[in-house]
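Encoded as structure tokens, the structure appears first; notes follow it.
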Amino acid sequence: MPLLHVEDLSKNFVIHALGRTIPAFQGVSFTLEAGSLLLIRGPNGAGKSSLLRCLYRTYLPERGQALFAAADGTIDLASAADVDIALLRRTEIGHVTQFLRPRPRVTALDLVAEPLLVAGHSLAEAREAAADWLGSLGLKAAIWQAYPSTFSGGEQQKINLARAMIAPRRLLLLDEPTSALDPDARAALCSRIKTLKAAGVAMIGVFHHPEDIAGLIDVEFHVA
Ligand SMILES: Nc1ncnc2c1ncn2[C@@H]1O[C@H](COP(=O)(O)OP(=O)(O)OP(=O)(O)O)[C@@H](O)[C@H]1O
């Protein structure tokens, strides 16, 4: 059984106030193996981000299945209970978006370290790993102990990436993870993606510049 089997997944947005339905994506089917990277392509508004959000269950799909081979058994991401999805988000599925949600009085280093703390690592271990991630992505050390709400777009994206990828995950959903990164950070991220793939992590990504990850893509899926 593949890590993920998506069958006929569809999503429309119903805007009640306008009495309108906005189509996002229809009838999406694909399978994904552990250690594979699937690139999602498609024009603006085709539903690429919505597809990732449905798999992370930020959005509820309206039709279809997304069977995920979780450590405790197969679970349908399209219909699983919120409590089960919350557990998977803590342990098996990560989502990198372009938008950082900083928290008051939490430094950049601790925001990145947090998923490892939640996973049971000591504060020292978690901070060491966070420093390793932030260093490799080129976030200047002078701001590691600052609050990210005032960080630049690229700096915030580095925090997002490090936070989403620091703890072991079996599936990572990457929504334009390099859009605000400079060339060195893009190269560092590609190197991390390569290492994670070799360790068996599966990824589904939307990339503004797919050439960044040329050579790491196993399969492409076009959203019309
Ligand atoms: N929360 C929402 N409520 C209503 N409509 C939405 C919502 N989110 C997305 N849409 C609509 O769904 C469609 C797909 O949007 P989505 O962001 O998934 O596209 P995309 O392929 O990622 O686009 P882009 O390449 O421009 O980032 C668009 O027409 C968008 O306006």
Side-chain angles (χ1 to χ4, degrees), residues 4-32 36-68 76-82 85-86 88-89 93-102 151-165 169 171-183 185-186 189-190 193 201-214 216-224:
L4 181 66
H5 177 75
V6 174
E7 185 72 41
D8 197 27
L9 204 67
S10 304
K11 175 71 181 170
N12 294 316
F13 294 97
V14 179
I15 314 293
H16 295 285
L18 299 174
R20 283 183 170 272
T21 298
I22 298 175
F25 60 86
Q26 312 298 323
V28 166
S29 302
F30 61 80
T31 58
L32 182 70
S36 294
L37 193 160
L38 182 147
L39 175 71
I40 302 179
R41 286 186 186 272
N44 291 138
K48 303 179 296 296
S49 295
S50 300
L51 174 57
L52 294 184
R53 287 181 181 154
C54 281
L55 294 173
Y56 198 60
R57 268 287 290 282
T58 309
Y59 295 157
L60 193 62
E62 68 177 70
R63 198 179 71 232
Q65 289 187 317
L67 301 177
F68 178 70
D76 183 1
L77 301 177
S79 62
D82 288 348
I85 294 292
L88 284 178
R89 287 178 174 192
I93 303 179
H95 185 208
V96 181
T97 69
Q98 300 163 65
F99 311 102
L100 179 69
R101 268 185 283 168
F151 284 10
S152 74
E155 289 168 345
Q156 292 200 1
Q157 193 162 35
K158 289 174 185 180
I159 305 292
N160 255 346
L161 275 164
R163 182 176 157 86
M165 298 172 87
R169 294 283 183 260
L171 173 63
L172 284 174
L173 307 167
L174 309 171
D175 195 349
E176 303 207 359
T178 59
S179 58
L181 297 185
D182 56 45
R186 276 150 68 171
L189 177 65
C190 290
I193 287 177
V201 179
M203 288 170 238
I204 304 177
V206 179
F207 283 79
H208 223 73
H209 300 287
E211 63 274 14
D212 284 347
I213 49 159
L216 297 176
I217 302 165
D218 297 290
V219 49
E220 294 192 11
F221 182 83
H222 289 253
V223 183

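For ligands, and for the atoms within them, numbers begin at 1 and follow the listed sequence.
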field: Identity and separation of the nearest protein heavy atom to atom 26 (O) of ligand 1
entry: Asn44 ND2, 3.0 Å
Is_contact(atom 31 (O) of ligand 1), protein non-hydrogen, under 4.0 Å: no
Heteroatom distance test (Gly45, ligand 1): nitrogen or oxygen, under 3.5 angstrom: yes
message: Return the CD1 to CG distance between Ile213 and Leu189, rounded to the nearest 0.5 Å.
response: 9.0 Å
- request: Could you find the nearest protein heavy atom to atom 21 (O) of ligand 1 and give me its residue, atom name and distance?
  value: Lys48 NZ, 2.7 Å
field: atom 17 (O) of ligand 1: nearest protein contact (heavy atom, Å)
entry: Ser49 CB, 3.8 Å
Close N or O approach (Ala46, ligand 1; < 3.5 Å): yes
query: For the atom pair CZ (Arg89) and CZ (Arg169), what is the distance rounded to the nearest 0.5 Å?
result: 11.0 Å
message: Heavy-atom distances under 4.0 Å decide this one: backbone, side chain, both or neither, for Val206 against ligand 1?
response: neither
task: Can you pull out the closest protein heavy atom to atom 12 (O) of ligand 1? Residue, atom name and distance to 0.1 Å, please.
output: Phe13 CE1, 3.5 Å
field: Heteroatom proximity flag, Gly47 to ligand 1, N/O under 3.5 Å
entry: yes
Carboxylate-amine/guanidinium proximity below 4.0 Å for Asp175 and Lys48: no
task: Just jot down the ligand 1 atoms closer than 4.0 angstrom to any heavy atom of Ser50, in number order.
output: 9 (C), 14 (C), 15 (O), 16 (P), 18 (O)
field: Heavy-atom pair with the smallest gap, counting every atom of Val96 and Ala164
entry: CG2-CB, 3.4 Å
- prompt: Which atom pair, heavy atoms only, marks the closest approach of Leu39 to Pro210?
  reply: CD2-CB, 3.9 Å
message: I need the atoms of ligand 1 closer than 4.0 Å to a non-hydrogen atom of Pro43, numbered in the order shown.
response: 21 (O)
- prompt: Is it true that the side chains of Thr58 and Arg53 contain a donor and an acceptor less than 3.5 Å apart?
  reply: no
task: For the pair Lys158 and Asp182, find out whether any cationic side-chain nitrogen is under 4.0 Å from an anionic carboxylate oxygen.
output: yes
task: Just need the protein heavy atom nearest to atom 1 (N) of ligand 1, so name the residue and atom and give the distance.
output: Tyr59 OH, 3.2 Å
- request: Please report the closest heavy-atom contact between Leu55 and Ala66, naming both atoms and the distance.
  value: CD2-CB, 3.8 Å
Contact check, Ile15 vs ligand 1, heavy-atom distance below 4.0 Å: yes
message: Quiz question for you: does at least one protein heavy atom lie closer than 4.0 Å to atom 9 (C) of ligand 1?
response: yes
message: Checking Asp212 against Thr178 for the side chain to side chain donor-acceptor pair (under 3.5 Å) test, could you report, in this order, the C-alpha distance in whole Å, the side-chain angles of both residues, the deciding distance, and whether it holds?
response: CA-CA 8 Å; Asp212 284 347; Thr178 59; 3.3 Å; yes
